[in-house]
Visitor: 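Before we start, here is the structure in question, set down as structure tokens.
Just so you know, ligand 1 is whichever comes first in the structure, and atom 1 is the first atom listed for that ligand.
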Amino acid sequence: MIDGKKVLFSGMQSTGSLTLGNYLGALKNWVTLSDDYECFYSVVDMHSITVRQDPAELRKKARNLLTLYIAAGLDPKKNCIYYQSHVSGHAELAWILNCFTYMGELNRMTQFKDKSAKHADNINAGLFTYPVLMAADILLYQADVVPVGKDQLQHLELTRDLAQRFNSIYGDVFVVPEPYLGKSGAKIMSLQDPTKKMSKSDENPNASIYLTDDTDTIIRKFKRAVTDSEARIKYCPEQPGISNLIEIYSACSGKSFAEVEAEFEGKGYGDFKLAVGETVADTLKPVQTRFDELCKDKAYIDGIIKENAEKANYYATKTLRKVQKKVGFPERIR
Ligand code: TRP
């Protein structure tokens with residue numbers, strides 16, 4: 001608890017460009033959570049180097065992501081928006097937690113298995129212990145809730161196990177976090193293969209709408225979106241492509257699936273795709289405009305970065321000192 005509010009932690013990696021899926025599935029909902037929770041939203045740049053990165057690119061992407069958090073509507077005075085690498089406590093707690101994590105537990109992580117298959121030439125120890133760093137992120141701020149996608153639930157489960165394991169040895173040190181299961185965000189699928197999640201690491205640029213795509217690009221990508229030959233606009237498992245477009249249209253317009261179906265009853269896929277493209281472009285426009293403005297205001301963003309790193313450090317250090325004492329590290333002499 002901070003000032004009587006429950007604590008919420010989440011983070012995104014600064015690799016790739018954010019997609020409509022990240023926006024509608026996560027970012028947009030984060031904004032509505034900041035009234036009810038004390039929120040920490042991190043740009044988890046330390047996680048990114050488990051895969052080889054170009055340094056200049058990584059720095060630029062991290063800054064863009066932090067700026068996008070604000071452009072999407074997160075008030076940086078209310079939400080702690082910061083770079084993970086600016087708070088050394090993440091690495092320090094991760095080390096301690098590593099010593100409480102079993103190899104067997106990490107061997108079971110499906111994301112590790114997937115990523116090591118994808119990067120067979122660089123299966124490094126960081127990739128293996130990635131979930132422990134993620135646990136440290138969350139436990140460092142004594143987070144009560146963590147909004148995450150399904151693909152991260154296994155990591156959150158490990159975080160809970162580690163917190164409970166530590167607490168059972170040393171007493172109540174960590175809050176045991178829960179996945180955030182409130183009104184969850186929309187699940188947006190690839191435009192080229194609607195059985196796969198829309199992903200920022202997809203090699204086919206037509207599969208994803210990037211938050212920085214202009215109106216023409218957005219409309220073109222929707223025009224090419226893979227659908228079916230049923231020729232009816234209905235949300236159902238047999239029509240994953242059309243269902244995905246309905247989900248997107250609904251998330252952008254606030255209309256229910258039934259309302260969308262009624263609106264396009266008897267209309268062709270061409271009309272519907274165009275309407276989805278236009279609605280998405282309208283939804284992203286204000287975020288893009290704000291992003292461009294913010295990018296020009298270097299001093300403002302720098303100020304946010306500094307202030308929020310200090311705030312994050314304050315809370316992180318509080319937890320870290322407690323943990324260090326519990327495991328038996330010598331007291332600091334002041
Ligand atoms: N592993 C998460 C992902 O790839 C990102 C992440 C890192 C995260 N630390 C976190 C998410 C802590 C929630 C809480 O999506």
Visitor: List every atom of ligand 1 that sits less than 4.0 Å from any heavy atom of Val146, numbering the atoms from 1 in the order shown and giving each element.
Guide: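 That gives atoms 13 (C), 14 (C) of ligand 1.
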
Visitor: Within a distance under 4.0 Å of any heavy atom of Gln13, pick out the atoms of ligand 1 and give their elements.
Guide: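 Listed by number with element, the hits are 4 (O).
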
Visitor: Consider every N or O of Gln152 and every N or O of ligand 1, then say whether any pair is closer than 3.5 Å.
Guide: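 N/O-N/O distance under 3.5 Å: yes.
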
Visitor: Which ligand 1 atoms does His47 reach within 4.0 Å, using its non-hydrogen atoms?
Guide: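 Atoms satisfying the 4.0 Å criterion: 7 (C), 9 (N).
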
Visitor: Exactly one of Lys326, Lys322, Arg321 should register a side-chain hydrogen bond (donor to acceptor under 3.5 Å, both in side chains) with Gln324. Which one does?
Guide: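 Result: among Lys326, Lys322, Arg321, Arg321 is the only option passing the side-chain hydrogen bond (donor to acceptor under 3.5 Å, both in side chains) with Gln324.
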
Visitor: Tell me: protein heavy atom nearest atom 1 (N) of ligand 1, and distance?
Guide: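 Among all protein heavy atoms, the one nearest atom 1 (N) of ligand 1 is Tyr130 OH, 2.8 Å.
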
Visitor: When you check the gap from the basic side-chain N to the acidic O, do Glu38 and Lys6 get nearer than 4.0 Å?
Guide: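 Salt bridge: no.
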
Visitor: Tell me which protein heavy atom sits closest to atom 9 (N) of ligand 1, plus the residue, atom name and distance to 0.1 Å.
Guide: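 Nearest protein contact, heavy atoms only, for atom 9 (N) of ligand 1 is Asp137 OD2, 2.7 Å.
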
Visitor: If we set the cut-off at 4.0 Å for heavy atoms, which region of Asp151 has an atom near ligand 1: side chain, backbone, both, or neither?
Guide: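 Neither part.
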
Visitor: Any donor-acceptor pair under 3.5 Å linking the side chain of Ser116 with the backbone of Ile123?
Guide: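 It does not hold such a pair.
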
Visitor: May I ask you to decide whether Lys267 forms a salt bridge with Asp271, counting only side-chain N to carboxylate O separations under 4.0 Å?
Guide: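 Not counted as a salt bridge, because no side-chain N and carboxylate O are separated by less than 4.0 Å.
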
Visitor: Between Glu178 and Arg160, does any NZ, NE, NH1 or NH2 come within less than 4.0 Å of an OD or OE carboxylate oxygen?
Guide: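 Result for this pair is yes, salt bridge flagged.
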
Visitor: For ligand 1, note which part of Leu133 has a heavy atom under 4.0 Å away: side chain, backbone, both or neither.
Guide: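 Leu133 to ligand 1: no contact under 4.0 Å from either part.
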
Visitor: Specify the protein heavy atom at minimum distance from atom 12 (C) of ligand 1: its residue, its atom name, and the distance to 0.1 Å.
Guide: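 Result for atom 12 (C) of ligand 1: Phe9 CE2, 3.5 Å.
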
Visitor: Do Leu66 and Leu211 sit in the same hydrophobic cluster, where Ile, Leu, Val, Met, Phe, Trp and Tyr count as joined when their side-chain heavy atoms come under 4.5 Å apart?
Guide: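 Yes, Leu66 and Leu211 fall within the same hydrophobic cluster.
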
Visitor: Show, in sequence, the C-alpha distance, side-chain angles and deciding distance for Asp202 and Lys197, and conclude whether the salt bridge (charged side-chain N to carboxylate O under 4.0 Å, His left out) test is met.
Guide: CA-CA 9 Å; Asp202 203 309; Lys197 206 172 126 177; over 6 Å; no

Visitor: Which residue from Gly11, Ala135, Pro131 reaches closest to atom 5 (C) of ligand 1 through any of its heavy atoms?
Guide: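 Closest candidate by heavy-atom distance is Gly11.
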
Visitor: Which ligand 1 atoms does Val148 reach within 4.0 Å, using its non-hydrogen atoms?
Guide: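 Answer for ligand 1: 13 (C).
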
Visitor: Go through ligand 1 atom by atom and flag the ones less than 4.0 Å from a non-hydrogen atom of Val44.
Guide: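 So the atoms of ligand 1 that pass are 7 (C), 9 (N).
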
Visitor: Hey, are the side chains of Gln84 and Asp137 touching, using non-hydrogen atoms and a 4.5 Å cut-off?
Guide: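 Sidechains of Asp137 and Gln84: in contact.
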
